[in-house]
Q: 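This is the structure, below, for whatever I ask next.
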Amino acid sequence: MVTDDEVDDTAGDVDVACAINVHDYSTSPEPALVDMVLEENQRLREEVAQLRQQMEEITLQQRFGLQRFAGSDKDIRFFTRFSTYDHLMRFWQVIEPSLQYMMRVNRTSGEPPRQSTMVQSLLPVDQLFLFLNYLTMAVKQNDLADRYGIHQSTVSRIVLSWSNFLYSVLGAQCIWMSPEMPPEFKDYADTTVILDCTEVRCQTPTSPLLQSEVYSSYKSHCTLKGMTGMAPHGAVTFVSPLYAGSVSDKQLLVESGINKLLRPDSAIMVDRGFLVDNCVPCKVYRPAFLAGRKQMTAEEVRETQSIAHLRVHVERLIRSGISPVIPMVVISGATSLGMLW
């Protein structure tokens with residue numbers, strides 16, 4: 001006869017044996033079960049990857065930035081004035097090493113974040129895209145802040161930072177090139193550059209002395225004045241710093257430093273106001289003056305018409321395309337003074 005104590009001992013042995021079997025981690029699971037778990041794991045990984053890719057695509061479509069318009073050269077031309085996306089990316093590849101160097105210098109120098117040259121709220125390439133939007137479309141900073149989903153003060157810092165950065169990088173590049181003469185310049189084959197001046201309106205200084213310096217009698221307003229040079233084949237090869245609006249064309253040419261690039265066997269083409277024959281080491285093509293005469297000779301009329309026909313290209317360039325280029329290259333000094341509109 002089995003006593004109650006023996007029954008309890010037997011039940012205890014069974015519970016211990018079950019517990020040992022349940023917690024025996026050295027026991028290998030069935031191969032079929034392992035394969036099922038691995039397949040399910042792989043399937044879930046692929047599903048997560050697909051969902052992540054879909055989220056990135058939706059984010060790119062909704063976010064205003066360069067990648068949103070990367071597939072449309074027409075949009076790239078509208079927002080940046082670069083002819084194609086590939087052209088813009090080539091420009092980015094040129095300046096990116098300098099950007100990385102400047103960011104490393106800022107980190108090692110311990111410069112406060114507020115004064116950092118590059119703002120980190122956007123990718124650097126999107127910062128460049130924003131800056132080009134600001135120049136080419138002349139939109140307000142509040143508009144750009146709304147498009148990019150950032151604060152207006154961040155837009156302001158990006159504009160100022162990239163103005164200073166591009167001034168340093170592009171200002172150090174020599175873009176003077178050997179002339180490639182189009183057929184229209186066959187009578188002026190030694191022309192190296194076509195020069196003209198343009199003025200950018202600025203705020204009126206409070207100082208009467210500064211007002212007199214920046215006041216332009218031509219524009220009847222306070223302005224900053226710069227000089228642009230265009231090669232005969234249409235490329236912009238020279239952009240001067242900005243000077244006070246009251247400076248004369250002759251003085252601006254002397255101060256700009258373009259004389260260092262001119263050679264005795266070259267020539268420049270200018271407007272009537274550039275009386276610079278004794279200031280440059282080369283030939284000057286300029287429309288003729290009446291100089292107290294009743295009329296010009298037939299040869300002077302033909303030459304004047306020919307020069308005017310060729311010079312009109314630089315004037316069109318200033319009106320349509322170069323207007324944002326001058327601020328992009330030399331705006332930094334004026335922007336830091338808060339003078340540009």
Side-chain angles (χ1 to χ4, degrees), residues 56 59-60 63-73 75-137 144 148 150 154-178 226 228-231 233-242 256-258 260-261 321-322 324-336:
E56 291 177 354
T59 302
L60 287 176
R63 187 180 64 188
F64 195 92
L66 177 60
Q67 291 303 317
R68 178 176 176 180
F69 306 102
S72 173
D73 289 339
D75 289 332
I76 293 297
R77 283 193 298 269
F78 176 77
F79 287 110
T80 68
R81 297 284 177 88
F82 280 87
S83 58
T84 63
Y85 175 77
D86 181 66
H87 188 189
L88 175 58
M89 286 296 96
R90 290 176 183 272
F91 175 72
W92 170 252
Q93 292 170 4
V94 171
I95 66 172
E96 187 179 15
S98 300
L99 176 66
Q100 298 297 334
Y101 171 77
M102 188 167 295
M103 294 175 66
R104 289 198 301 269
V105 169
N106 290 336
R107 286 196 296 266
T108 56
S109 63
E111 187 176 342
R114 182 177 297 273
Q115 299 177 357
S116 178
T117 305
M118 292 296 127
V119 183
Q120 299 299 326
S121 57
L122 290 176
L123 293 175
V125 69
D126 283 330
Q127 293 181 29
L128 173 63
F129 189 65
L130 181 151
F131 180 68
L132 294 174
N133 295 164
Y134 179 75
L135 294 181
T136 58
M137 299 190 299
L144 290 173
Y148 286 86
I150 56 180
T154 303
V155 175
S156 179
R157 289 198 297 272
I158 289 175
V159 170
L160 180 59
S161 298
W162 277 89
S163 298
N164 291 326
F165 171 69
L166 291 178
Y167 174 78
S168 301
V169 174
L170 302 182
Q173 301 296 323
C174 181
I175 57 176
W176 197 260
M177 59 186 71
S178 59
T228 305
M230 185 187 78
H233 55 77
V236 177
T237 57
F238 185 81
V239 180
S240 78
L242 292 178
S256 68
I258 194 174
K260 301 176 183 178
L261 305 173
I322 196 64
V325 174
I326 288 182
M328 183 173 69
V329 180
V330 298
I331 199 174
S332 59
T335 305
S336 62

Q: So which atom in V169 and which in S98 form the shortest heavy-atom distance, rounded to 0.1 Å?
A: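 Smallest heavy-atom distance, with atoms named: CG2-CB, 3.9 Å.
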Q: Is F238 close to T228 at the side-chain level, that is, under 4.5 Å between some pair of heavy atoms?
A: no
Q: Taking the side chain as every heavy atom from C-beta outward, state whether V125 and M89 have any pair of such atoms under 4.5 Å apart.
A: yes
Q: Do F78 and S72 pass the side-chain contact (heavy atoms from CB on, under 4.5 Å) test, and can you show the C-alpha distance, the side-chain angles, and the key distance before you say yes or no?
A: CA-CA 10 Å; F78 176 77; S72 173; over 6 Å; no
Q: Might you point out which heavy atoms bring L99 and P124 nearest each other, and give the distance in Å?
A: CD2-CB, 3.5 Å
Q: Show your reasoning for whether side-chain contact (heavy atoms from CB on, under 4.5 Å) applies to L66 and L88.
A: CA-CA 10 Å; L66 177 60; L88 175 58; 3.6 Å; yes
Q: About how many Å separate CG of L144 and CZ of F131, when rounded to the nearest 0.5 Å?
A: 11.5 Å
Q: Nearest 0.5 angstrom please: R81 CZ to H87 NE2, how far?
A: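 Answer rounded to 0.5 Å: 14.0 Å.
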Q: What distance do Y148 atom OH and L130 atom CG have between them, rounded to the nearest 0.5 Å?
A: 4.5 Å
Q: Determine whether the aromatic ring centres of residues F64 and F79 are separated by less than 6.0 angstrom.
A: yes
Q: Please determine if D73 and R77 form a salt bridge, counting it only when a charged side-chain N lies under 4.0 Å from a carboxylate O.
A: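 No, no charged N to carboxylate O under 4.0 Å.
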Q: Between T80 and F69, is a side-chain contact (heavy atoms from CB on, under 4.5 Å) present by the stated rule, with each step listed?
A: CA-CA 11 Å; T80 68; F69 306 102; over 6 Å; no
Q: So I150 and I158, side-chain contact (heavy atoms from CB on, under 4.5 Å) or not? Walk me through it.
A: CA-CA 11 Å; I150 56 180; I158 289 175; 4.2 Å; yes
Q: Looking only at non-hydrogen atoms, find the nearest pair between L128 and W92 and report the distance.
A: CD2-CE3, 3.7 Å
Q: Nearest 0.5 Å, please: how far is CH2 in W162 from CG in L132?
A: 8.5 Å
